[in-house]
Number of protein chains: 2
Amino acid sequence: MRISELSDRSGVALATIKYYLREGLLHQGEQVAATRAVYDDSHLRRLRLIRALLEIGRLPVAAIKQVIDAVEDESLPVHQMLGTAQYALGPAVEPEPSDDWQAARAEADRLIDERGWTIAPDAPTRNELAQTLLTLRRLGMPTDLSRYAETAGGLAAAELESLRLDGPRESAVEAVVLGTVLYGRAFDALRRLAHESESARRLAGEDQPPAAG
Amino acid sequence: MRISELSDRSGVALATIKYYLREGLLHQGEQVAATRAVYDDSHLRRLRLIRALLEIGRLPVAAIKQVIDAVEDESLPVHQMLGTAQYALGPAVEPEPSDDWQAARAEADRLIDERGWTIAPDAPTRNELAQTLLTLRRLGMPTDLSRYAETAGGLAAAELESLRLDGPRESAVEAVVLGTVLYGRAFDALRRLAHESESARRLAGEDQPPAAG
DNA sequence: GGTGCTGGATAGCGCTATTATCCACGGATG
DNA sequence: CATCCGTGGATAATAGCGCTATCCAGCACC
C-alpha cells in the first residue's frame, strides 16, 4: 500500500506518519521508484505499537525510539533487547548524592535480593524504586513494600506464562512491552477503583447524622 | 518565613512558587504588609504535595489544581472531596461512539459489580478501564482481568487500613492521593522488575549453547 | 501530457511548565 | 532621613514536545 492508504487504515495522519519515519519510529517503506514507496502490514503493526505506547503508555517519543532501536538491532540477544525495551518504559531517575538516597537504594536492592530476582545490577528500575522509597520516607509514609513485591511477582509470572518469547523479535517485544504498559494501566485503574470503593465503605454515612436505630 | 526562605527550604525556584501562587496551587501567604507576606509550614507541606504529584505522579498542573480545589472547598463532604481528588489522578478518557466501546464499558462495569465494589456510576475511572480493555481486545491480548481486580482490591484494602481519613481534610487528601500515586509507582516499578527477572529466567542460556552436564 | 500523489526538507503551531524581566514600593538598616 | 534589597504583582519570554502545514520537484498513472 502507499502512504496515504497506510494513513487511512491506521487512522494516523499522513503528516504524522512522515514524522515517525523521520524520527525512525517507523521503518521506511520499500522504495519501489524514486518517488514511490510501498508499505505493508508490518508498518500497520508498528503504528499500532507506537500509538499504544504513546496513548496508553504515555511514553515520550524518545523512549519509544529506544524501544524500536532495541527491536531493530539484530545483533542484540533477545533477553537484552527485552531489557533495553523495558528500561525505556520507566522514567529515567538519576541518583541524588546523599546518604538518604544510598539507604533507599540499598533497601531497593534488598527487596530485590530477598526474592531471588535476577536483575541487572545497573538496571535503571532499581533507581526508580529507590527514588520512590525515598519520597515515601521523606513524607513519613510506610515503606514496607514486601507485600507489593510478592504481589507484583505473582502477577508478572502469570503474565509471562501466556507469552511466547521465542517467536520473531518484534512479536516478543510487542508482547512484553504492550503487556507491561497495558496491564499496568489496567491494574492501576483497578487499584484506584478499589480505593474509591474502600474509602466509600469507610466513610459511609459520615456526612449525614447516623440513621436512627 | 518569607518567600525566599520558602524557596530555599523547599528547593522550588522562587519564580516557580510565584507561578504556583498565581495558578492557585499554593495558597497565599499571610499578607503582613502591603509588600510583605509570611508563609508557614502549611506552604512547605503543600509544595511537597505539588512536587510529588508533579514529579512522581506526572500529573499535569491542571489536574493538581483540581485536587487542590477539592481540598479547599470546605462545603464538600470528605468522601466527595476524596473522589474528586482521585478522579484527577487518572487520565481523562472520553468514550468512543462504537459498539466495541460499549461492550468494553459493559465488561468494565461487570468487573466492578462482580466484586460488589461501591463506585459512582459516572466515575471516570470506569471509562479508563473500558478504554484499556478495548485496546487489549483490539491487539488480541487476553482481557480477563479478574485476577488483577482481586489483587488490586487486596492491596487497596491494606493501604487504607493504615490510613486515618477522619483527620483534617488536607491530611486525608494528602494521604489518599499521595498513597495512590506513590504506591502505584512503587508497584509498577516492582512489576517491571519482576518481569525482567521472569523473562531472564525463561531466556536463560538461550544465546549461549547450554552448559555441558 | 497533464495531474495528483509522493518523498523530502523546513518552518510553524499549540500546549505546558517554567523562568525571566520589569516595576514600584516599603520595611529594615545605617 | 536616605537608601537599598527583597517583595508582590504583572507580563513576556523560553524550552521542549508532538505534531501539522507548507513548499517543492518529480514521476507514475490515467
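Chain identifiers are assigned alphabetically (A, B, ...) following the order of the sequence lines, protein sequences preceding nucleic acid strands; residue numbering begins at 1 within each chain. As the structure is a computational prediction, the values presented were derived from the model and not from experiment.
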Original post:
Rounded to the nearest Å, what distance is computed from the CG atom of residue B:Leu6 to the P atom of nucleotide D:dG6?
Top reply: 16 Å
**OP:** Answer yes if the side chains of B:Ser98 and B:Asp100 hold a donor-acceptor pair under 3.5 Å, and no otherwise.
**Re:** no
Subject >> Minimum-distance nucleotide to A:Val61 side chain [options: D:dG6, C:dG7, D:dG18] >> reply: D:dG18
Subject >> Nearest-nucleotide comparison on DNA chain C, the residue closer to the 5′ end among A:Ala34 and B:Ala13 >> reply: A:Ala34
Original post:
Roughly how many Å is it from CD1 in B:Ile50 to P in C:dT18, rounded to a whole number?
Top reply: 10 Å
Original post:
When you measure from the side chain of A:Ile3, which nucleotide among C:dA17, C:dG7, D:dG18 comes out closest?
Top reply: C:dG7
**OP:** Would you indicate which nucleotide in D:dC27, C:dG26, C:dG7 comes nearest to any side-chain atom of A:Gln31?
**Re:** C:dG7
Original post:
Can you find a donor-acceptor pair, distance only, under 3.5 Å between B:Arg51 side chain and C:dT18 base?
Top reply: no
Original post:
Per the atom types in the model, does the base of C:dT19 pair as donor or acceptor with the side chain of B:Arg22 at under 3.5 Å?
Top reply: yes
Subject >> Given C:dG7, C:dG8, C:dT6, the nucleotide with the shortest approach to the side chain of A:Ala37 >> reply: C:dG7
Original post:
Any salt bridge between A:Glu72 and A:Arg46, counting N to O under 4.0 Å?
Top reply: yes
**OP:** Could you check how far CD of B:Gln28 sits from C1' of D:dT7, rounded to whole Å?
**Re:** 13 Å
**OP:** Could you check how far CD1 of A:Ile64 sits from P of D:dC17, rounded to whole Å?
**Re:** 13 Å
Original post:
Between D:dA10 atom P and B:Tyr19 atom OH, what is the distance in whole Å?
Top reply: 16 Å
Original post:
What's the CG-P distance between A:Leu21 and C:dG8, to the nearest Å?
Top reply: 9 Å
Subject >> Nearest to side-chain heavy atoms of A:Arg36, which nucleotide of C:dC5, D:dG9, C:dT19 >> reply: C:dC5
**OP:** Can you figure out which of C:dA17, C:dG7, D:dT7 approaches the side chain of B:Leu14 most closely?
**Re:** D:dT7
Original post:
Without hydrogens or angle criteria, can the side chains of A:Tyr87 and A:Glu128 be said to hold a donor-acceptor pair below 3.5 Å?
Top reply: no
Subject >> Salt-bridge contact B:Arg147-A:Glu161 (side-chain N to carboxylate O under 4.0 Å) >> reply: no
Original post:
Taking CE from A:Met1 and P from C:dT6, how many angstroms apart are they, rounded to a whole number?
Top reply: 13 Å
Subject >> N/O (side chain, A:Thr35) to phosphate O (OP1/OP2, C:dG8) under 4.0 Å >> reply: no
Subject >> Between A:Tyr39 and A:Arg9, a side-chain donor and acceptor under 3.5 Å >> reply: no
**OP:** Please report, rounded to the nearest Å, how far the C1' atom of C:dA17 is from the CG atom of B:Leu25.
**Re:** 11 Å
Original post:
Hey, is the side chain of A:Tyr20 poking within less than 4.0 Å of OP1 or OP2 on D:dG18, counting only N and O atoms?
Top reply: no
Original post:
Closest nucleotide of DNA chain D for A:Thr16 versus for A:Ala33: which of these residues is on the 5' side?
Top reply: A:Thr16
